[in-house]
Number of protein chains: 2
Amino acid sequence: MSEPVPAQVEDNDLLLLTDLYQLTMVQAYWKESMQEWATFSLFFRKLPPSRRFMLACGQQHAAALVSQLRFSQANLERLAGTGKFDDGFLEWLEAFRFSGDIWTLPEGTPVFENEPFLEVDAPIAEAQLLESLIMNLVQPETVLASKAVRIAMAADDRPVVDFGMRRMHGVDAAMRGVRAYRTAGIAATSNVLGGLRHGLALNGTMAHSYILAHDDEREAFRTFARQYPETVLLVDTHDTLKGVQMVIELMDEEPELKVSGVRLDSGDLGDLAHRSRAMLDEAGYQTIKIIASSGLDEYKIQALLKDRAPIDAFGVGTQMGVAADAPVIDLSYKLVEYAERPRVKHSSGKINLPGRKQVYRRRDARGRYAGDIIACRDEKRTDGEALLVQLVNNGRLDDEAMALADSARERVQAALKDMPDAMKELEEGATDYPVELSDELSRLVEALS
Amino acid sequence: MSEPVPAQVEDNDLLLLTDLYQLTMVQAYWKESMQEWATFSLFFRKLPPSRRFMLACGQQHAAALVSQLRFSQANLERLAGTGKFDDGFLEWLEAFRFSGDIWTLPEGTPVFENEPFLEVDAPIAEAQLLESLIMNLVQPETVLASKAVRIAMAADDRPVVDFGMRRMHGVDAAMRGVRAYRTAGIAATSNVLGGLRHGLALNGTMAHSYILAHDDEREAFRTFARQYPETVLLVDTHDTLKGVQMVIELMDEEPELKVSGVRLDSGDLGDLAHRSRAMLDEAGYQTIKIIASSGLDEYKIQALLKDRAPIDAFGVGTQMGVAADAPVIDLSYKLVEYAERPRVKHSSGKINLPGRKQVYRRRDARGRYAGDIIACRDEKRTDGEALLVQLVNNGRLDDEAMALADSARERVQAALKDMPDAMKELEEGATDYPVELSDELSRLVEALS
């Protein structure tokens, strides 16, 4: 009997998507009657060398999702079957409802080293239980949005279309990716389910297989264009410039065919774009757009545009789909307070910030970012905007705070206007953007070291 | 009204997880009455520089899953809502059942450049419809297994435990990852749902938060060890060697506590392992094991063992979780035959292999890999083992062929014994392993170029 093909993971199963030690530690807290509230803080310590900021994404979605989860009977039985858990503890899991608070940055907020994306205040067992899942959900959206925004910046207001679904890390990555790309300012996606669910425009052209399946490239173009007015034709199956010539002849023959563009998908894209543009313009088809794809990332797009390649839109897949140059960040979810006492792990050479926190973003007189202050949550400073908002209050999702996720894309656009120019450079390098600790937080760090 | 938090994707929705152009091309085939059979071939062109082979993983699972999928009414309505599809075509989608054949490599087969993992023979619309999803499913398992097997090799028969779930690309990556790790020879996982579903042993220790939540590290150790006989204690929360000393004192005080190991999670792991081992041995605890974690990959493990670090097991997370040095391969799914005529796209500098194919693996007299031959499927060669097996026959899954997935882990272990030593080196470099085209396939390539 061969292995059955398992179904996709359902929401109902997500509380089991955790590290075993979370469950054993939570059982230990339960046996020890450790029920005091704890605060855990989600942050990263180091920007990847190729990033000057990260876009915090996924944390509102993750918080909203995890705060509503329950253990199903089927999953409690699976846990019982491991022999690692007491009946009394399994009853506790059965009754589990998240009763704590969650603070998060609004999605699409630029975030820097050591700044909390999210803080969970809850009875320690509850906060511990959610660690691994929150991290697994926030990681891909943050990593993918932070890559995608660089690609959108490089394209300099030309639309970028996500073609990456086929090379992403599975179903959930492809779905979360579209959500992240929408936030980051990507114009459209080829991913049908992702685009429909997350409200990003669908876009697509045609594949080489369509051309190859027809005995004649010209007839393939004609047939497709007749069926799909305003379509984009893929011209490089055999020879890019011959393909462009064929499109011109087709339009000359059948002026009622409304082809909106040609896609170049191989070869020297800059050179081919220049030549294709010249051919199209000369033939009177100035309105036909040129779309380029094939191994693109922010560096290649920047280089093409620096050479004034007449490309109107970019299709980007693989590199954006896995954030290939920085596919992971060192997200941590650390205990920073228990039983009203700030706590930290002492690590040589690493900063660990104790206690409940808030991040303030200061601006200059023109509204431009001037620097961040990481502070204790209760300081109530007036020298900057407090970024973390309370999203979950005693287990209840605050709809108004959650609505901030809807404006994530606009938040990114506003941030790109307001951030220092050095932060938007694509090359590796420091931005000298000041992220400081408040005096009160500094004293607390000092007191605990 | 804020954005609702969408549920996880269900099997029922998977046919919509595709690129838009697949659906528009398939509608075009339908309108054009193009119903001849096509063959599509899944392969990659280039090994990543840091890989000497890839493990083909996920292709049996993907083929079994996609061959059984249907369009739900809800999804047909969503497609209708886009305005891009005719009613007649939506009826075709409603009636869609995969009726073709799928050939795959057994999971866990080492695979090289240009060798098909999988070939789909089906009416062209059906084969085109499955492209994006098959690729999305095969990509993560192949990429993650191919990283994991290197880590397992570096550990040189010491167990490696997967700790990566929290930093992987979402829910599905974490689940597929465990399946890939099982194939690759990883000993256990901390991922509860993944381990339970995919039959990999569960393992876990404790986190720094547990220590920090207790006012006293020693009491935290005592309490945890009393609850969990044979547990592993995490000793680096404040100071690794003081932590080891505390464990020794604890065992001296309460000999009935059966601690099985200590985990080192920061600092100079080699040096700390040597010192910890010396302390434990001197105190008479030769059987207590040392487990190391913290940013490990195959290179760090190899370096630790080269320095004879007395480490008994490794916990590996982030680097394995995203295959950080090669998070993606250039998997392609190309039309190679339509209407009984082999076809290829002509790409400058790239090989494209037309027609239905088979891969033969030759062995020397001692059973060691001697070289591969990519051949036409009908050649019936006798100078090697034919690797591709027919998994789906006229839409029906062959249980016997599918059962080969159950032995994927054993297949990898056998392959590691039989492959040339140069293929198992971890450094970048060529292996000179011959992958050749058969004369018949060479002639076909020539004829179509």
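Below, read A as the first sequence line, B as the second, and so on, with proteins coming before strands; counting in each chain starts at 1.
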Colleague: Of all heavy-atom pairs between B:Arg166 and A:Tyr21, which one has the smallest distance, and what is that distance?
Modeller: NH2-OH, 2.9 Å
Colleague: Assess the residue pair A:Leu79 and B:Val192 against the criterion (side-chain contact (heavy atoms from CB on, under 4.5 Å)); give the C-alpha distance rounded to whole Å, side-chain angles, the decisive distance to 0.1 Å, and a yes or no.
Modeller: CA-CA 9 Å; A:Leu79 284 181; B:Val192 177; 4.1 Å; yes
Colleague: Select one option (side chain, backbone, both, neither) describing which atoms of B:Ile329 are under 4.5 Å from chain A's heavy atoms.
Modeller: backbone
Colleague: Quick check against the 3.5 Å criterion: does B:Arg167 have a side-chain atom that pairs as donor or acceptor with the backbone of A:Leu331?
Modeller: yes
Colleague: In terms of heavy-atom pairs under 4.5 Å, which option from A:Val322, A:Val328, A:Leu193, A:Asp325 contacts chain B the most?
Modeller: A:Leu193
Colleague: Can you list the residues that meet the side chain to side chain contact (heavy atoms under 4.5 Å, CB included) rule with A:Ala339, with sequence neighbours excluded?
Modeller: A:Glu36, A:Arg343
Colleague: Under 4.5 Å heavy-atom distance to chain A, tell me which part of B:Ala38 shows up: side chain, backbone, both or neither.
Modeller: neither
Colleague: First locate atom OG1 of B:Thr18, then atom CG of A:Asn191, and finally report the distance between them rounded to the nearest 0.5 Å.
Modeller: 8.5 Å
Colleague: Taking the basic N atoms (NZ, or NE/NH1/NH2) and the acidic carboxylate oxygens, is any pair closer than 4.0 Å for B:Asp13 and A:Arg197?
Modeller: yes
Colleague: Enter the distance from A:Phe163:CZ to B:Leu20:CG here, rounded to the nearest 0.5 Å.
Modeller: 10.0 Å
Colleague: Should B:Gln8 and A:Gln8 be marked as a side-chain contact (heavy atoms from CB on, under 4.5 Å) after you check the CA-CA gap, both sets of side-chain angles, and the distance that decides it?
Modeller: CA-CA 8 Å; B:Gln8 296 297 302; A:Gln8 296 296 302; over 6 Å; no
Colleague: Side chain, backbone, both or neither: which part of A:Leu137 has an atom under 4.5 Å from a heavy atom of chain B?
Modeller: side chain
Colleague: Where does B:Ser407 contact chain A at under 4.5 Å (heavy atoms): side chain, backbone, both or neither?
Modeller: neither
Colleague: Return the option, out of A:Leu144, A:Asn203, A:Asp239, A:Ile211, with the maximum number of heavy-atom pairs under 4.5 Å with chain B.
Modeller: A:Asn203
Colleague: Could you look at B:Leu202 and say if it's the side chain, the backbone, both or neither that has a heavy atom under 4.5 Å from chain A?
Modeller: both
Colleague: Tell me which of these, B:Gly195, B:Gly194, B:Ala207, has more heavy-atom pairs under 4.5 Å with chain A than the rest.
Modeller: B:Ala207
Colleague: Given a strict heavy-atom distance threshold of 4.5 Å, which part of B:Ser266 is in contact with chain A: side chain, backbone, both, or neither?
Modeller: side chain
Colleague: If you count heavy-atom pairs under 4.5 Å with chain B, which of A:Asn12, A:Leu23, A:Leu133, A:Leu14 comes out on top?
Modeller: A:Leu14
Colleague: Once rounded to the nearest 0.5 Å, what's the spacing between atom NZ of A:Lys334 and atom CG of B:Leu212?
Modeller: 8.5 Å
Colleague: In terms of heavy-atom pairs under 4.5 Å, which option from B:Asp162, B:Leu15, B:Leu16 contacts chain A the most?
Modeller: B:Leu16
Colleague: Tell me, side chain or backbone of B:Gln60 under 4.5 Å from chain A's heavy atoms, or both, or neither?
Modeller: neither
Colleague: Under 4.5 Å heavy-atom distance to chain B, tell me which part of A:Gln68 shows up: side chain, backbone, both or neither.
Modeller: neither
Colleague: Can you tell me which of A:Ser190, A:Gly199, A:Ala64 forms the most heavy-atom pairs within a distance under 4.5 Å of chain B?
Modeller: A:Ser190
Colleague: Using the side-chain contact (heavy atoms from CB on, under 4.5 Å) rule, take A:Arg226 and B:Lys31 through it: C-alpha gap first, then chi angles, then the decisive distance, then the call.
Modeller: CA-CA 11 Å; A:Arg226 281 181 182 166; B:Lys31 284 195 183 174; over 6 Å; no
Colleague: Counting heavy-atom pairs closer than 4.5 Å to chain B, which one of A:Gly204, A:Ala173, A:Pro327 comes out on top?
Modeller: A:Pro327
Colleague: Flag the pair B:Lys345 and A:Asp236 as a salt bridge only when some basic side-chain nitrogen lies within less than 4.0 angstrom of an acidic carboxylate oxygen.
Modeller: yes
Colleague: Measure B:Glu141 against the heavy atoms of chain A and call it side chain, backbone, both or neither at under 4.5 Å.
Modeller: neither
Colleague: Could you tell me the separation between the CE atom of A:Met168 and the CD atom of B:Gln139, rounded to the nearest 0.5 Å?
Modeller: 10.5 Å
Colleague: Measuring from B:Thr318:OG1 to A:Asp330:CG, what's the distance to the nearest 0.5 Å?
Modeller: 8.0 Å
Colleague: Would you sort out whether B:Arg341 and A:Asp215 count as a side-chain contact (heavy atoms from CB on, under 4.5 Å), showing the intermediate values?
Modeller: CA-CA 10 Å; B:Arg341 237 188 62 199; A:Asp215 293 324; 2.9 Å; yes
Colleague: Considering the options B:Asp172, B:Val171, B:Leu17, which one meets the side chain to side chain contact (heavy atoms under 4.5 Å, CB included) requirement together with A:Met175?
Modeller: B:Leu17
Colleague: Select one option (side chain, backbone, both, neither) describing which atoms of B:Phe40 are under 4.5 Å from chain A's heavy atoms.
Modeller: side chain
Colleague: With a 4.5 angstrom heavy-atom cut-off, which part of B:Val143 approaches chain A: side chain, backbone, both or neither?
Modeller: side chain
Colleague: Nearest 0.5 Å, what's the OG-CG distance between A:Ser209 and B:Leu335?
Modeller: 6.0 Å
Colleague: What closest approach, in Å, do B:Met165 and A:Ser132 show between heavy atoms, and which atom pair accounts for it?
Modeller: CE-O, 3.2 Å
Colleague: Output yes when a side-chain donor or acceptor of B:His169 lies under 3.5 Å from a complementary backbone atom of A:Arg176, and no otherwise.
Modeller: no
Colleague: Between B:Thr189, B:Ile134, B:Val344, B:Thr231, which shows the greatest number of heavy-atom pairs under 4.5 Å with chain A?
Modeller: B:Val344
Colleague: How would you list, by chain and number, every residue that makes a side chain to side chain contact (heavy atoms under 4.5 Å, CB included) with B:Ala28, sequence neighbours excluded?
Modeller: A:Tyr210, A:Phe224, A:Gln227, A:Tyr228, B:Glu32
Colleague: Tell me which of these, A:Met25, A:Gln128, A:Lys84, has more heavy-atom pairs under 4.5 Å with chain B than the rest.
Modeller: A:Met25
Colleague: Closer than 3.5 angstrom, by distance alone: can the side chain of B:Asn136 be matched with the main-chain N or O of A:Gly170 as a donor-acceptor pair?
Modeller: yes
Colleague: When you compare the side chain of B:Leu196 with that of A:Thr82, does any pair of heavy atoms fall below 4.5 Å?
Modeller: yes
Colleague: Might you point out which heavy atoms bring B:Thr24 and A:Thr205 nearest each other, and give the distance in Å?
Modeller: OG1-O, 4.1 Å
Colleague: So which heavy atom on A:Ile124 is nearest to which on B:Ala213, and how close?
Modeller: CD1-CB, 3.4 Å
Colleague: Could you look at A:Gln22 and say if it's the side chain, the backbone, both or neither that has a heavy atom under 4.5 Å from chain B?
Modeller: side chain
